[in-house]
S.K.: 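My questions will all concern the structure given below.
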Number of protein chains: 2
Amino acid sequence: MTPQGEGLRDRRRRETRLEIHRAALRLARKHGFDKITVDMISAESGVSPRTFFNYFPNKEAALLLGPTELPSALAAEFVAAGTASPREVLADVTRLLLREMADNSPERATMHDVFALAQTHPPIHAALLARIEGFQKSLADAVAQRMGQRPEDEMPSLIAALALTAVRTGLERWSREVPQSAENDSPIPYVERAMELLRTLSAD
Amino acid sequence: MTPQGEGLRDRRRRETRLEIHRAALRLARKHGFDKITVDMISAESGVSPRTFFNYFPNKEAALLLGPTELPSALAAEFVAAGTASPREVLADVTRLLLREMADNSPERATMHDVFALAQTHPPIHAALLARIEGFQKSLADAVAQRMGQRPEDEMPSLIAALALTAVRTGLERWSREVPQSAENDSPIPYVERAMELLRTLSAD
DNA sequence: CGCAAAGTTTGCAGAGCATGCAAGAATTGC
DNA sequence: GCAATTCTTGCATGCTCTGCAAACTTTGCG
């Protein structure tokens with residue numbers, strides 16, 4: 001998780017970014033996103049307001065820390081698996097996403113909070129949707145590459161959209177259902193259930 | 001389209017709203033969304049900047065005029081069709097949406113422009129996604145009601161999401177493919193194609 | 001018609017968001 | 001240890017959006 005060859009400068013930058021993110025999330029949980037300001041977040045995280053905008057393009061972005069694209073290592077591995085039928089590819093994509101979520105357990109509490117906040121705060125919801133959409137696009141690119149199609153062809157987009165719809169539906173339910181994010185509390189069963197229902201809807 | 005029992009006041013309100021919307025779209029097409037201001041839109045549409053915000057909550061919203069929910073008449077009709085299997089309901093939803101799009105031909109040029117602008121302007125894209133999400137939620141509610149399920153159950157959400165994914169994919173391709181919105185140029189074949197591919201993906 | 005109630009427009013003030021710029025501080029590589 | 005690079009910060013500025021109150025318009029009713 002912590003890159004090896006990084007110097008002091010890189011480490012500090014990563015830490016500052018995380019610090020701002022955590023401060024934003026803490027304050028948003030406490031007061032509600034619409035009641036906090038960039039000044040408050042900056043003060044809470046010990047940087048100047050101007051510096052806040054060196055790390056995040058806007059207030060919403062500070063809440064959304066995760067990757068905005070499919071990590072290229074995973075993408076490469078996925079593409080290398082070779083051509084397959086659309087249905088097989090879809091099944092592979094869902095497996096890929098589930099595995100990725102299983103690995104990223106530390107981020108779970110954050111994901112829970114962000115999804116919960118999004119339910120009640122339209123600007124966060126919009127930002128979250130845009131973020132997911134970007135991820136979906138990079139996923140669709142990987143799918144297209146694996147299927148030997150062009151990125152603008154519909155099938156890869158549809159496959160990526162289906163898979164992420166299941167993920168999103170599962171995460172939304174999880175964040176609604178489970179009020180406090182306890183230890184060892186995983187969204188994965190929820191996502192699996194959504195994927196299962198999607199399969200039912202397809203091939204019953 | 002033009003309600004009968006509306007007085008002068010209502011008519012003016014509707015006209016002003018449309019006027020602002022058209023001004024916003026015209027300017028956004030011409031200069032790009034990030035280059036225009038609320039002051040410019042207000043001037044172009046002949047109202048004060050303050051009045052702009054009486055009609056729209058923010059700059060993005062002025063571009064998105066359409067309904068934010070499934071019209072209640074359609075919802076009622078849909079629900080009345082009675083219980084059916086998930087797959088049948090999904091097929092019905094896609095039919096419903098296609099019919100609705102066929103009827104709304106006047107809005108096509110606008111839809112084309114908005115989708116095209118969204119491709120290049122992240123804030124519009126986010127606003128559009130949020131709008132679609134809201135529509136999807138109301139659609140899911142209708143589906144839930146028809147299937148005798150609760151709104152927070154997953155199946156209705158998944159059905160609504162699938163149908164709107166097809167619509168969205170079709171519209172995106174349409175707006176990318178067809179640069180100028182000519183007369184008699186319809187997105188419907190594109191949406192139908194996306195729906196067809198989705199079926200292929202399910203039951204092949 | 002005429003008048004009171006309700007709704008609409010506008011200006012003004014003010015808080016907050018976001019960006020460019022330049023000066024100063026810290027880190028890096030040599 | 002020094003020059004180059006990168007990061008932080010303050011300042012100035014423009015834009016977004018809201019609350020409030022005054023002026024104006026429409027409406028409904030006597």
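In what follows, every chain begins at residue 1, and chains take the letters A, B, ... in the order their sequences are listed.
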S.K.: In whole Å, what is the span from the CD1 atom of B:I20 to the P atom of C:dT8?
M.R.: 13 Å
S.K.: Is there a donor-acceptor pair under 3.5 Å between the side chain of B:D103 and the backbone N or O of B:E100?
M.R.: no
S.K.: Answer yes or no: is there a donor N or O on one side and an acceptor on the other, between the side chain of A:K137 and the main chain of A:S157, under 3.5 Å?
M.R.: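 Pair absent, no side-chain N/O of A:K137 close to backbone of A:S157.
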S.K.: Is B:R9 side chain donor-acceptor paired with the D:dT25 base, going by distance under 3.5 Å alone?
M.R.: yes
S.K.: Taking CG from B:N54 and P from D:dT25, how many angstroms apart are they, rounded to a whole number?
M.R.: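 In whole Å, D:dT25 P lies 17 Å from B:N54 CG.
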S.K.: Picking from C:dG11, C:dT27, D:dT26, which would you name as closest to the side chain of B:S48?
M.R.: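 Side chain of B:S48 sits closest to C:dG11.
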S.K.: Could you tell me the separation between the CE atom of B:M40 and the P atom of D:dT16, rounded to a whole number of Å?
M.R.: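 Rounding to the nearest Å, CE of B:M40 and P of D:dT16 are 10 Å apart.
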S.K.: Tell me: OH of A:Y55 to P of D:dT6, nearest whole Å?
M.R.: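 Atom-to-atom, A:Y55 to D:dT6, this comes out as 14 Å.
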S.K.: Can you give one letter per nucleotide of nucleotides 12-19 of chain C, going 5' to 3': B for a protein heavy atom under 4.0 Å from the base, S for sugar-phosphate only, - for none?
M.R.: B---SSBB
S.K.: Rounded to the nearest 0.5 Å, what separation is found between the CG atom of A:D10 and the CD atom of A:E15?
M.R.: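 Between atom CG of A:D10 and atom CD of A:E15 there are 11.0 Å.
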S.K.: Using salt bridge (Lys or Arg N to Asp or Glu O under 4.0 Å) as the criterion, point out the one residue from A:R146, A:R95, A:R99 that pairs with A:E77.
M.R.: A:R99
S.K.: CG of B:D10 versus C1' of C:dG7: gap in Å, rounded?
M.R.: 10 Å
S.K.: Taking B:L70's backbone N and O only, do any of them form a donor-acceptor pair with B:S138's side chain (distance below 3.5 Å, no angle check)?
M.R.: yes
S.K.: Would you kindly give the NE2-to-P distance between B:H31 and D:dC15, to the nearest whole Å?
M.R.: 14 Å
S.K.: I need the CZ-P distance between B:R13 and D:dC24, as an integer number of Å.
M.R.: 20 Å
S.K.: Taking atom CZ of A:R26 as the centre, report whether more than 12 heavy atoms of other residues, nucleotides or ligands fall under 6.0 Å from it.
M.R.: yes
